2 protein chains.
Amino acid sequence: MPKDNAATQTVQRIANILRCFSAGEPEIGVMQISRATGLHKSTTSRLLSSLEAEGWVAKNPETRKYRLGLEIVNLAGTVLEQIGLRQAAQMHLRELADLTQETINIAVLHGDECINIESIKSPHAIQYAGQLGRRNPLHCTSTGKILLAYMSAEQRQQRLTPPLRAFTPHTITDLAELEENLMQARAQGYAAAYDEFDEGLSAIAAPIRDFNEQVIAAVSISGPSFRMGAEQSQLYAAHLLSASRRISNQLGYFANP
Amino acid sequence: MPKDNAATQTVQRIANILRCFSAGEPEIGVMQISRATGLHKSTTSRLLSSLEAEGWVAKNPETRKYRLGLEIVNLAGTVLEQIGLRQAAQMHLRELADLTQETINIAVLHGDECINIESIKSPHAIQYAGQLGRRNPLHCTSTGKILLAYMSAEQRQQRLTPPLRAFTPHTITDLAELEENLMQARAQGYAAAYDEFDEGLSAIAAPIRDFNEQVIAAVSISGPSFRMGAEQSQLYAAHLLSASRRISNQLGYFANP
DNA sequence: AAATTAGTTTTATTATATGAAACACTGTTT
DNA sequence: AAACAGTGTTTCATATAATAAAACTAATTT
């Protein structure tokens, strides 16, 4: 008997299994997954071979371990295509990347996190690894702040349940302080996050709007803090705002008079 | 009692449901999915809300229809990160894109198809939409031909079961002819496909090798045939080969003396 | 306002996934 | 070499968990 409003057990189990795979441990065996998920090893084995049949995981016959399969990339392609943003943005992102030589990301809201849906990596040796699909917190990233800044107060409140996690000593954990920070972001048109998520990592972000004037995403420039200080950010901000405006325009947004 | 060696029913059903979503119909309702998959509407409804709980689909409360969720992008990010190719290639792809102003793709083998894992779109109005994760046939695409050309004869035979589907009048459907075409590709180091997959679309591709000398992917330049004729391809080929070599080098491959 | 269609929830039923145990396979240790 | 430990797969009886039918909402159309 499935619990009240709970999800189908199998779906949960599959999701748990797939979540075991990470960039750090891309190839894992049945027993490891079994231990991590608490599933019986025979169940794990059977579920994995089912997933393999669908191309969602792939088995390495050498090591008899599994890794995530390419069929997932196929599905993700459909998701990203739907958002449509990527195509609209690509040219402008490349310009921004060429100009700044730093990492460029586009992120959208997903629950109480933001997810990178596009990233162009800096050619510099020291760079922020903004992996596609990576989930980041809202309150201490530049893209997250933009998304927070332009949502309704209720929505924001809902997503900012104290205590705000302090990722570094610089993370803003006080709600009032963050609120002010966001107000400033709205005023100047872009948000900044200096060492707030990762010590040594700083970024600035600007909103992307669709035809409906809704902020649907944020575009950011990130780099090591020694290359992304307040002065440098100021300089980059003009380019960032220009890019975000051009992308928005392509989505049908035009500032009203 | 689960069939002989068959996959878990639920996994199959979930896979079928998710496959219903496409770029053409990104938002679909319960009944549509129910009809498409042959599942009972109550089953479909329950499965969908389970998938929603995991972030694999998202419900539009307005229309009460579902679309694919962002959690899939997160998983796909892990897959792509694993392959590692994207980071190694990015800079070289951008150079290639800047140089040619055409669409650049990287594809890897997946069963008897090839899948795009990276693409930079041409700034031209007329362009090939090489969507991320898109699955393409092997025998009539430039990337597919490269992947075929550098696999063992058995493997190739296994993936080329006649009849080869003719996508256009120019598609090579004769096995012997294709074999010769592939031999030529090996000889000159790159493969070409002129109007073979899509009338008006042409491309050339070159192999990417890893430290183990294995061909693990192909990089391609695609564009409308009027911009990608035989002469133009010849000119681009040098750049393409250079890029493929540099990417391969970054993966630890160095041609032996 | 009645009728149609879509979506969700409830409930009895049984088909389906499950875990224990046996088996197969590798690599390691004595 | 033989015994062992550790992992992965398969079999099989059992009962859990998914199922379909029907009842129920809610929205849309006639």
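Because the structure is predicted, anything quoted here is derived from the model rather than measured. Naming convention: chains lettered A, B, ... in sequence-line order (proteins, then strands); numbering from 1 in each chain.
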Practice item. Quick one: label Lys65(B) by what it contacts on the DNA or RNA (base, sugar-phosphate, nothing), any heavy atom closer than 4.0 Å. Key: nothing
Check your understanding: Roughly, in whole Å, what's the span from CE in Met31(B) to C1' in dA27(D)?
Key -> 15 Å
Review point. Taking the side chain of Val30(B) as heavy atoms from C-beta outward, which of dG19(C), dT9(C), dT8(C) is closest to it?
Key: dT8(C)
Practice item. May I ask you to verify whether the side chain of Ser45(B) and the base of dG7(C) hold a donor-acceptor pair under 3.5 Å? Key: no
Exercise for review: Find the distance Lys41(A):NZ to dA5(D):C1' and express it as a whole number of Å.
Suggested key: 12 Å
Exercise for review: Evaluate the side-chain hydrogen bond (donor to acceptor under 3.5 Å, both in side chains) criterion for residues Arg246(A) and Asn249(A): first the C-alpha distance (whole Å), next the side-chain angles of each, then the deciding distance (0.1 Å), finally the verdict.
Suggested key: CA-CA 5 Å; Arg246(A) 280 175 289 149; Asn249(A) 289 347; over 6 Å; no
Review point. Glu27(B) and Asn60(B): side-chain donor and acceptor closer than 3.5 Å?
Key: yes
Exercise for review: Choose from dT10(D), dT19(D), dT18(C) the nucleotide whose nearest atom is closest to any side-chain atom of Ser42(A).
Suggested key: dT10(D)
Point to revise | Interatomic distance where CD1 belongs to Ile28(B) and P belongs to dG7(C) [whole Å] | key: 11 Å
Review point. Phosphate oxygens OP1/OP2 of dT7(D): is one of them under 4.0 Å from a side-chain N or O of Arg35(A)?
Key: yes
Review point. Base, sugar-phosphate alone, or nothing: which one does Thr44(A) contact when heavy atoms must sit under 4.0 Å apart?
Key: nothing
Check your understanding: Given atom CG of Leu48(A) and atom C1' of dT7(D), what is their separation to the nearest angstrom?
Key -> 13 Å
Exercise for review: Describe the nucleic acid contact of Ser49(A) in one word from base, sugar-phosphate, nothing, applying a heavy-atom distance below 4.0 Å.
Suggested key: nothing
Point to revise | Centroid-centroid distance, Phe211(B) to Tyr253(B), less than 6.0 Å | key: no
**Study point:** Under-4.0 Å side-chain N/O to phosphate OP1/OP2 contact, Arg46(A) with dA17(C)
**Key:** no
Check your understanding: Does the cation-pi check pass for Arg209(B) over Phe254(B), that is, NZ or CZ under 6.0 Å from the six-membered ring centre and within 45° of its axis?
Key -> no
Check your understanding: Which whole-number value in Å describes the distance from Leu39(B) CG to dA21(D) P?
Key -> 13 Å
Check your understanding: Whole Å only: how far is the CG atom of Leu51(B) from the P atom of dG7(C)?
Key -> 16 Å
Check your understanding: Between the base of dA18(D) and the side chain of Thr8(A), is there any donor-acceptor pair under 3.5 Å?
Key -> no
Practice item. Take the protein atom NZ of Lys59(B) and the nucleotide atom C1' of dA26(D), then report the distance between them rounded to whole Å. Key: 12 Å
Practice item. Could you pick out which residue, Arg13(B) or Gln32(A), lies toward the 5' side of DNA chain D when each is mapped onto its nearest nucleotide? Key: Gln32(A)
Check your understanding: Taking for each residue the nucleotide of DNA chain C with the nearest heavy atom, is it Gly29(B) or Arg64(A) whose nucleotide lies nearer the 5' end?
Key -> Gly29(B)
Review point. Does a donor on one side chain and an acceptor on the other come within less than 3.5 Å for Arg19(B) and Asn16(B)?
Key: yes
Point to revise | For atom NE2 of His40(A) and atom C1' of dA15(D), their distance in whole Å | key: 15 Å
